[in-house]
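To start, the structure under review is shown below, and the notes come after it.
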Number of protein chains: 2
Amino acid sequence: MLSRSEENYLKAIFHLRIEKNSAVSTTELAEHLNTKPSSVTDMLQRLNSNKWVDYRKYRGVILSRNGEQAALKIIRKHRLWEVFLVEHLNFSWDEVHEVAEQLEHIQSEQLTSSLDQFLNFPKYDPHGDPIPDATLQLSRRTKKLLSNFKRKECGVCIGVKDSSADFLKVLDRLSISLGSEIQIIDIEEFDQSMRIAVDGQQKYISTKIASNLYLNPI
Amino acid sequence: MLSRSEENYLKAIFHLRIEKNSAVSTTELAEHLNTKPSSVTDMLQRLNSNKWVDYRKYRGVILSRNGEQAALKIIRKHRLWEVFLVEHLNFSWDEVHEVAEQLEHIQSEQLTSSLDQFLNFPKYDPHGDPIPDATLQLSRRTKKLLSNFKRKECGVCIGVKDSSADFLKVLDRLSISLGSEIQIIDIEEFDQSMRIAVDGQQKYISTKIASNLYLNPI
DNA sequence: ATCATTTTTTAGATTCATCTAAATTTATAT
DNA sequence: ATATAAATTTAGATGAATCTAAAAAATGAT
């Protein structure tokens with residue numbers, strides 16, 4: 001069985017791999033996990049010899065089939081718990097992450113599947129990220145950063161790229177949440193900042209905000 | 001902060017202390033925690049130097065004020081999660097323990113108090129054990145083993161002494177659950193086995209069963 | 001009160017996950 | 001192409017939590 005630490009490594013590799021689409025480097029992992037490159041090397045050697053990852057000295061690491069399945073199981077639990085916390089325990093979307101980081105390590109198939117059922121088999125978590133189903137399949141839908149939209153275009157908010165508490169609080173202040181309908185009214189040539197309508201209400205937003213918000217184009 | 005292992009020691013000391021009402025010995029702890037006496041000694045020395053327990057060489061251990069509060073917090077979480085699992089995720093009362101053993105270590109005041117509220121501030125868990133409230137106070141009520149009842153006496157089932165899955169399954173088979181009204185019809189002189197009525201239905205039960213079932217006398 | 005038995009502690013080793021410092025390999029810039 | 005910088009790995013150490021084996025203390029039976 002995987003230790004908690006091994007689980008965290010697999011999850012980190014999974015996430016970094018998606019962001020970059022190439023093998024994940026020791027340093028990246030170390031930064032992501034708040035640890036030192038030398039510790040990462042140690043762990044990668046262990047994970048490699050147990051066939052959870054494919055790791056080559058100096059060349060980075062990718063998940064094996066088993067490692068990917070393991071990572072998906074953890075992500076499934078993480079996101080299901082996030083839904084539970086937000087929908088039933090009144091957590092706000094910037095408060096869930098830390099607790100879900102702990103809950104994702106609970107080992108019980110029965111718990112995971114009952115929770116899934118209790119929540120009515122949700123497909124997306126409170127940040128709009130897809131929840132792997134019981135067979136570990138992920139739903140996919142077109143998502144485009146708001147910053148890539150043009151004047152007059154429209155979309156529904158379906159997720160965030162940066163899910164830091166700071167950013168999520170900004171969105172709360174702008175009354176932007178999952179499902180909000182957003183239309184681009186104008187884009188400032190000078191700095192690419194945008195004037196948008198959120199469910200009809202006009203707002204000004206910076207490029208940084210626009211480049212962290214995912215919309216599903218209408 | 002306490003490690004998971006330290007938390008388990010404090011909880012074990014708390015439980016064993018209640019059963020015995022005297023200082024808890026190294027060997028008892030080792031048995032309860034499935035570990036070796038020498039490991040227990042090590043841990044007790046650490047817990048002692050951090051003031052979680054009062055431990056004297058060769059004399060056993062009791063919890064300090066802090067240690068007791070810490071133990072109660074863990075027990076509170078354990079029992080709240082048991083209620084959640086049974087009432088909302090359809091776990092049976094013999095399935096909850098193992099999962100609750102994991103969930104009790106999740107660190108989040110907000111989670112504990114929201115869960116408490118979500119469950120409507122339950123006072124007892126699915127085995128009838130009292131749940132410490134937010135101030136860590138335990139409800140108390142008279143409970144008497146069924147084996148100590150006399151002919152004709154009556155009571156309501158409020159808990160079990162042995163909460164092993166095996167015993168709980170026996171109770172399920174006898175349709176005895178928390179809240180069941182039980183009357184002693186007859187006691188066999190020879191072996192103290194009992195004929196009882198459970199919510200009106202007559203059943204035969206062994207002394208061993210009777211001495212593991214708590215009733216609140218009517 | 002003494003000795004055998006039981007319990008407990010100490011000493012020393014092991015594994016996991018981490019660290020720092022040094023060595024090595026790869027990448028980059030001229 | 002080579003030197004310098006950056007990234008990575010290795011070597012050796014540490015602390016938590018455990019173990020086994022040996023030593024020490026407490027208990028209990030005569």
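Lettering of chains follows the sequences in order, A, B, ..., and the numbering in each one begins at 1. Since this is a predicted model, take the numbers as computed values, not measurements.
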| Relative to the 5' end of DNA chain C, which residue comes earlier, B:Ser25 or A:Ser3, by the nucleotide with the nearest heavy atom? | B:Ser25
| Rounding to a whole Å, what distance do you find between B:Arg4:CZ and C:dC16:P? | 18 Å
| Nearest-Å distance for atom pair CE/P, residues B:Met43 and D:dC19 | 11 Å
| note | Rounded to whole Å, CG of A:Asn50 lies from P of C:dC16 at a distance of 9 Å
| message | Base, sugar-phosphate or nothing for A:Thr41? Non-hydrogen atoms, less than 4.0 Å. | response | base
| query | What distance do A:Met43 atom CE and A:Leu10 atom CG have between them, rounded to the nearest 0.5 Å? | reply | 8.5 Å
Shorter than 3.5 Å, N or O on both sides, protein versus nucleotides 24-27 of chain D: list them out with atom names.
{"from": "D:dA25", "atom 1": "O4'", "to": "B:Tyr58", "atom 2": "OH", "distance (Å)": "3.2"}
{"from": "D:dA26", "atom 1": "O3'", "to": "B:Arg59", "atom 2": "NH2", "distance (Å)": "3.1"}

| message | Under 4.0 Å, heavy atom to any atom of DNA chain C: which of residues 14-24 of chain B qualify? | response | none
| request: Please determine if B:Lys73 and B:Glu104 form a salt bridge, counting it only when a charged side-chain N lies under 4.0 Å from a carboxylate O. | output: no
| note | CD of A:Glu101 to CD1 of A:Ile74, rounded to nearest 0.5 Å, is 10.5 Å
| note | For B:Thr135, the side chain to side chain donor-acceptor pair (under 3.5 Å) test, sequence neighbours excluded, returns B:Asp133
| Pairs involving residues 27-82 of chain B, ordered by first then second residue, that meet ring pair (Phe, Tyr, Trp, His ring centres under 6.0 Å) (sequence neighbours left out) | A:Trp81-B:Trp81, B:His78-B:His97, B:Trp81-B:Phe84
| request: Please determine which of B:Leu178, B:Leu168, B:Asp129, B:Asn212 meets the side chain to side chain contact (heavy atoms under 4.5 Å, CB included) test together with B:Val160. | output: B:Leu168
| Is any side-chain nitrogen or oxygen of B:Tyr9 closer than 4.0 Å to OP1 or OP2 of D:dA16? | no
| query | Is A:Lys144 positioned over the aromatic face of A:Phe149, cation under 6.0 angstrom from the ring centre and no more than 45 degrees off axis? | reply | yes
| query | Residues from residues 29-38 of chain A sitting under 4.0 Å of DNA chain D, heavy atoms only? | reply | A:Pro37, A:Ser38
| Where the side chain of B:His127 meets the backbone of B:Trp93, is there a donor-acceptor pair that is under 3.5 Å apart? | yes
| said: Which residues pass the side chain to side chain donor-acceptor pair (under 3.5 Å) test with B:Lys77, not counting sequence neighbours? | reply: none
| field | Touch class at under 4.0 angstrom, heavy-atom based, for A:Ser5 against every strand present | value | sugar-phosphate
| Passes side-chain hydrogen bond (donor to acceptor under 3.5 Å, both in side chains), A:Ser114 versus A:Gln117? Steps please. | CA-CA 5 Å; A:Ser114 310; A:Gln117 185 177 9; 5.6 Å; no
| query | What is the distance, rounded to the nearest whole Å, between atom CG of B:Asp42 and atom P of D:dC19? | reply | 10 Å
| request: Establish, for the pair A:Arg141 and A:Tyr124, whether the NZ or CZ atom is under 6.0 angstrom from the six-membered ring centre and no further than 45 degrees off its axis. | output: yes
